[in-house]
There are 2 protein chains.
Amino acid sequence: MSVRESQDTRLRLLQHARDLYLESGPERFSLREVARRSDVSAAAVYRHFDGKEALLRAVCEEGLRVFSSYLLRALKETTSLERLRAAGDMYRRFGIENPRDYRVIFMSTPGEDVDVGSSATFQFLVDRVSECIKAKALARGDGLEIAAVIWAHVHGLVSLRLCGQLAVVGDDDAFTRFFLRSTDRLLKGLAP
Amino acid sequence: MSVRESQDTRLRLLQHARDLYLESGPERFSLREVARRSDVSAAAVYRHFDGKEALLRAVCEEGLRVFSSYLLRALKETTSLERLRAAGDMYRRFGIENPRDYRVIFMSTPGEDVDVGSSATFQFLVDRVSECIKAKALARGDGLEIAAVIWAHVHGLVSLRLCGQLAVVGDDDAFTRFFLRSTDRLLKGLAP
DNA sequence: GTCTATAGGTGGATAGAC
DNA sequence: GTCTATCCACCTATAGAC
């Protein structure tokens, strides 16, 4: 079999692994099921990945890449405050549109996964906050702490929604409006 | 074997089930392991519970009872705003002191567990908010929506902390102070 | 690289003796 | 009520033929 076909198999495994992950979450993820969907035997997977954990890791890395791509779209706004608000809204969109990825990144047990709180991704939010403070769009204060407050707030909204606990606000459109009102209230508390 | 000893077995099963649950979470929870820890055969469990799911349900109900007991302590405060702030802080304490229970109640996948958002527990928070509005300690508005905003905020702080994502703020005491500053900022945005 | 076959483990649930 | 024995399903991983 050619090298090209072999790479296709690897790619197919990765895509089906991602599908299964998004459907079933990390717990019910199984190497055999990925193999079945990819029309290869379970043993064949070991030619491409070092077992289940390696396959799982590859899937997670893809999720983080997608998350970053959402956040970066906020930079197209023109003012610092608009960029901050857009970052929050992109965070919401990522969570609602990629619930399984969101759970993996932000709702898993500590120790086994990525630490976003001390990563380049979090630094992105700190930067948005800092430029707002500099532009007097937010009250003076510790940029890192204020970023953490904002992060917790948007995460609280998104994660409760993903757990089905905010069904009371209505459908996804109603949630979006609720999200924007809610973050605006927080920003009011953070204003100069 | 006497009725009393049989009830003891049931209780022992429930306690070990709870322990296992708190250690391993809902995913790795297994009826057989509970039986092992309780020194009975796996089959014996079926004399006391209708299988794994029923056992799991019994464990979750206990967690909710503990959570309620935390919240109710907030009622000993004298003013409406103090009661609201105390409710938030009790929420924090419950999460930090009972992380596994917290995860079960507020961080599990939808469909399989309790819906707090439309429960008596959430109504408790709505009541705290409503009395603050009536006392002009909060701006006028939809009590239910404002309660949801506050809930999401404290949940965001607690759940990120439990996932190890807010390690940046320091130890548990530092987190407590951070939590209080953060909620005060939100309340400032909700003030009249 | 892929296959089949297999080893060895987890788990849930039931039947029937005691 | 509890046990042992059992069945069945699922899983990870490896060995060896092709």
Side-chain angles (χ1 to χ4, degrees), chain A residues 1-62 100 103-104 108-109 111-113, chain B residues 1-62 100 103-104 108-109 111-113:
Chain A
M1 197 166 278
S2 77
V3 172
R4 160 139 184 72
E5 278 168 338
S6 165
Q7 286 178 339
D8 282 355
T9 298
R10 191 194 145 90
L11 194 64
R12 221 171 53 246
L13 283 170
L14 208 48
Q15 286 168 338
H16 283 117
R18 185 167 166 78
D19 286 347
L20 177 59
Y21 198 44
L22 295 179
E23 286 171 25
S24 315
E27 310 292 346
R28 279 189 288 271
F29 180 87
S30 110
L31 180 148
R32 291 182 100 95
E33 178 63 20
V34 173
R36 268 191 293 271
R37 296 180 180 207
S38 307
D39 278 312
V40 293
S41 72
V45 180
Y46 289 83
R47 282 287 148 193
H48 302 276
F49 299 92
D50 286 344
K52 176 188 180 177
E53 289 308 316
L55 186 51
L56 212 43
R57 243 179 291 123
V59 170
C60 292
E61 284 160 13
E62 173 65 12
R100 300 295 199 313
R103 299 190 82 90
V104 181
S108 354
T109 20
E112 60 187 33
D113 28 51
Chain B
M1 197 165 275
S2 78
V3 173
R4 162 136 185 72
E5 275 168 336
S6 164
Q7 286 178 340
D8 282 356
T9 298
R10 192 195 145 90
L11 194 64
R12 219 170 56 245
L13 282 169
L14 209 47
Q15 287 168 339
H16 283 117
R18 187 167 164 77
D19 287 348
L20 177 60
Y21 199 43
L22 296 179
E23 285 171 26
S24 315
E27 310 291 349
R28 279 188 289 272
F29 179 86
S30 105
L31 180 150
R32 291 181 102 100
E33 177 63 18
V34 173
R36 270 191 292 271
R37 296 181 180 207
S38 307
D39 278 313
V40 293
S41 71
V45 180
Y46 289 84
R47 282 288 148 192
H48 301 277
F49 299 92
D50 285 345
K52 176 189 180 178
E53 290 307 315
L55 186 52
L56 212 44
R57 245 179 289 123
V59 169
C60 292
E61 285 162 12
E62 173 64 12
R100 300 296 203 310
R103 297 190 84 91
V104 182
S108 351
T109 20
E112 60 188 34
D113 28 51

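Note on naming: letters A, B, ... go to the chains in the order of the sequence lines (proteins, then strands), and numbering restarts at 1 for each one.
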Query raised in the report: For DNA chain C, which residues in residues 13-20 of chain A have a heavy atom at a distance below 4.0 Å?
Result: none

Query raised in the report: Do A/Val34 and A/Val45 have side chains that get closer than 4.5 Å, going by heavy atoms?
Result: no

**Report entry** A/Thr9 side-chain proximity, nearest of C/dG12, C/dT2, D/dT4
**Finding:** C/dT2

Query raised in the report: Does the side chain of B/Val104 come within less than 4.5 Å of B/Val59's, by heavy atoms?
Result: no

Query raised in the report: In whole angstrom, what separates A/Asp39's CG from C/dG1's P?
Result: 19 Å

Report task. Taking the side chain as every heavy atom from C-beta outward, state whether A/Leu31 and A/Phe49 have any pair of such atoms under 4.5 Å apart. Result -> no

Requested in this report: Assess whether side chain to side chain contact (heavy atoms under 4.5 Å, CB included) is satisfied between A/Leu55 and A/Lys52, documenting all intermediate values.
Outcome: CA-CA 5 Å; A/Leu55 186 51; A/Lys52 176 188 180 177; 5.8 Å; no

Query - A/Phe49 CZ to C/dG1 P, straight-line distance once rounded to whole Å - result: 13 Å

Report task. Give the B/S/- string for nucleotides 6-11 of chain D, one per nucleotide from 5' to 3', where a protein heavy atom under 4.0 Å of the base yields B, of only the sugar-phosphate yields S, and otherwise -. Result -> -----S

**Report entry** side-chain hydrogen bond (donor to acceptor under 3.5 Å, both in side chains) partners for B/Glu62, two or more places apart
**Finding:** B/Arg65

Query raised in the report: Which residue, B/Ala42 or A/Tyr46, contacts DNA chain D at a nucleotide closer to its 5' end, judged by nearest heavy atom?
Result: B/Ala42

Report summary line: Sorted by chain and number, sequence neighbours left out, side-chain hydrogen bond (donor to acceptor under 3.5 Å, both in side chains) with B/Glu23 holds for B/Arg37

**Report entry** Exam field: side chain A/Arg12 to backbone A/Ser38, donor-acceptor pair closer than 3.5 Å
**Finding:** yes

Could you run down the sub-3.5 Å N/O contacts of the protein with nucleotides 16-18 of chain C?
none

Requested in this report: Would you kindly give the CG-to-P distance between A/Leu55 and D/dA13, to the nearest whole Å?
Outcome: 11 Å

Query - Residues in side-chain hydrogen bond (donor to acceptor under 3.5 Å, both in side chains) contact with B/Arg36, at least two apart in sequence or another chain - result: B/Glu33

Query raised in the report: Quick one: B/Glu53 CD to C/dG11 C1', roughly how many Å, whole number?
Result: 13 Å

**Report entry** Distance in Å, A/Tyr21 OH paired with A/Leu14 CG, rounded so as to fall on 0.5 Å steps
**Finding:** 13.0 Å

Query raised in the report: Would you say A/Arg10 and A/Leu13 make side-chain contact, with heavy atoms under 4.5 Å?
Result: no

Report task. Nearest 0.5 Å please: distance from the CZ atom of B/Phe29 over to the CD atom of B/Glu53. Result -> 9.0 Å

Query raised in the report: Looking across every strand, which nucleic acid part, if any, lies under 4.0 Å from A/Asp50 by heavy atom: base, sugar-phosphate, or nothing?
Result: nothing

